[in-house]
Structures are given as structure tokens and as C-alpha cells.
Amino acid sequence: MKFRLKITIFAVIIGVLLIPTYFILQTYGVFQKEKVLSDYALAVDVNGKSYEAWPLINSFAAMDKAEDNRQLYYRVDMNHIQYLFHIAYQEFDVRPNEDNPYLAGTVSYHSTQNEYVKSEKQYTNAKDFTTVLNFYNKDKEVIYTYQNTGKGDGQLVQSIIHQGMSRSSNGGSEAARDPYINITALFHDKLDIDVKLEVDEEHKVVTIRMNKAEARS
């Protein structure tokens, strides 16, 4: 009986110790399959060279941890997500420079009237409304709609933890979790464009490569 009691006490102690460990590991995104690219430079592939993708921001982009068929994700509620559409439609030029030995230069996006992501209010009555984000293709057709709740929608938008980041909430803190849209799936299914990622771990560069359907081999 004493032995069983000791085992029970030991198990309770281990359980108590594991609870904070679990939350610490969760804060670092250990249990999710994606990671935010805050430790990498974000670039665009042009003719086999990597150009800085600014104003796309690395800490608002994410990719799968698994190397096979990595998906690209981006914060759905950030305005500069528009630039991913400019890349898809090749609405940009490049500016070569040698400031950074690991990048061939920077991307210069065209000034365009096309708005590929628009925030709109949907009123349920004269007082109440919900905010939605509509995604458009080049023909100004809606290809996807996200109700801007700040959470995943069970379809293309999912909640991803920014590893190592936390936020204050109700007097405590919790892992920084934000809504990211799967750009790879969206562009493949709705724009007929392939999105691939090339990851250079040594030099900390993630390069986005997009190919039109007619350019696929």
C-alpha cells in the first residue's frame, strides 16, 4: 500500500511539473507543424536569384516545418498581403544591388490600381455588422472570403503560434497566436499558380518561387 501511495504521489508531482512545461513548449510552437519566419530573410525568386521581398515581412510569414511540399502562409489581416498577388501576376521589377551578399537586390512592385484584398463591412441591421476580407483575382472576381475574427476559419485560414512570442491576456500571458492564410493552397486552387519555397538554412533565406500554369513542366 505504501508503495502504491508513493507511486501516486510521484505521478502527481510529475503531472504538476509537466503542466507549466507544456505551456512553455506551446509558446514556442513545438506542437504545431508550422513555424513563423522571423529568423529568416524573405525573398522572391527571379531567374534563379533571390531578391528581398520587402514590404512583405518575415515575421508575418510562415511555412511548414516538414521539408516535403512546404506550404507558404501569411497573416491574413495584414494589408501588404496584396504584394503576394503582385508577385503571382509578375507586377514587379527588380533592383540589383550588392549591399547584401546573400541577396541579389530588392523587388520593386509596380504602382497598380488593382486591389486584391479588400476589407468590407457586412451589416446585419442598421447598427450591427461584421468585417470580412474579400480576396480577388486579376479579373476582379472574388476568390475567397474570410470573416475577420482573428481566428482560423476551418478552411484556408488557420491559427499559428509565433514561436517564442507571448501576449498579455486577462492579467496573464499566452502564446502569440494569429490567423494565417495558406497562400500555396489559395493560389493553386484559385489562381492556377504554383507556390514553392526554397529554404537556405545556412544563410537564413526563404525564397518564394511562383510559376504560372503555362510555365509548369
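It should be emphasised that the depicted structure is a prediction, and the values quoted were computed from it without experimental measurement.
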*N134 CG to E141 CD distance, which is reported to the nearest 0.5 Å*: 13.0 Å

*Find the distance between NZ (K204) and CG (L37) and round it off to the nearest 0.5 Å.*
10.5 Å

_Aromatic ring proximity F187/F85, centre distance under 6.0 Å_ = yes

_Donor-acceptor check, side chain of N137 to backbone of D139, threshold 3.5 angstrom: yes or no?_
yes

_Gap separating the OH atom of Y83 from the CE atom of M78, nearest 0.5 angstrom_ = 14.0 Å

*asked:* Using the rule side-chain contact (heavy atoms from CB on, under 4.5 Å), only one of D64, L84, L186 pairs with L72; which is it?
replied: L84

*Tell me, with the steps shown, if F135 and I81 meet side chain to side chain contact (heavy atoms under 4.5 Å, CB included).*
CA-CA 10 Å; F135 291 75; I81 195 173; 4.0 Å; yes

*Could you pull out the closest heavy-atom pair between I143 and K190, with the gap in Å?*
O-CE, 3.4 Å

_pair M63-K35: side-chain heavy atoms closer than 4.5 Å_ = yes

*List for me each residue that meets ring pair (Phe, Tyr, Trp, His ring centres under 6.0 Å) alongside Y144, sequence neighbours excluded, and say none if there are none.*
none

*asked:* For the backbone of V117 and the side chain of Q82, can you confirm whether one donor and one acceptor N or O come within less than 3.5 Å of each other?
replied: yes

_Quick check for you: to the nearest 0.5 Å, what is the distance between I181 atom CD1 and Q155 atom CD?_
9.5 Å

Going by atom type alone, with no hydrogens or angles, which donor-acceptor pairs under 3.5 Å involve a side-chain atom of residues 45-58 and a protein atom two or more places apart or on another chain?
| residue | atom | partner | partner atom | Å |
| --- | --- | --- | --- | --- |
| D45 | OD1 | G48 | N | 3.4 |
| S50 | OG | T207 | OG1 | 2.8 |
| N58 | ND2 | S38 | O | 3.3 |
| N58 | ND2 | Y40 | O | 2.8 |

*Does the Q122 side chain pair with the main chain of E120, one donor and one acceptor, at a distance under 3.5 Å?*
no

*So, for H110 and Q90, which heavy atoms are closest and what is the spacing to 0.1 Å?*
CE1-O, 4.3 Å

*Is there a donor-acceptor pair closer than 3.5 Å between any side-chain N or O of R70 and the backbone N or O of K65?*
yes

*Please round to the nearest 0.5 Å and tell me the distance separating atom CG of D192 and atom CG of N211.*
11.5 Å

*Parallel, tilted or perpendicular for H86 and Y116, by the 30°/60° rule?*
perpendicular

*Heavy atoms only: give me the nearest V36-S59 pair and the separation to one decimal.*
CG1-O, 3.2 Å

Can you give me every donor-acceptor pair (side chain of residues 123-131, partner residue at least two apart or in another chain, under 3.5 Å) with its distance?
| residue | atom | partner | partner atom | Å |
| --- | --- | --- | --- | --- |
| T124 | OG1 | D128 | O | 3.2 |
| N125 | OD1 | K127 | N | 2.8 |
| N125 | OD1 | D128 | N | 2.7 |
| N125 | ND2 | D128 | OD2 | 3.1 |

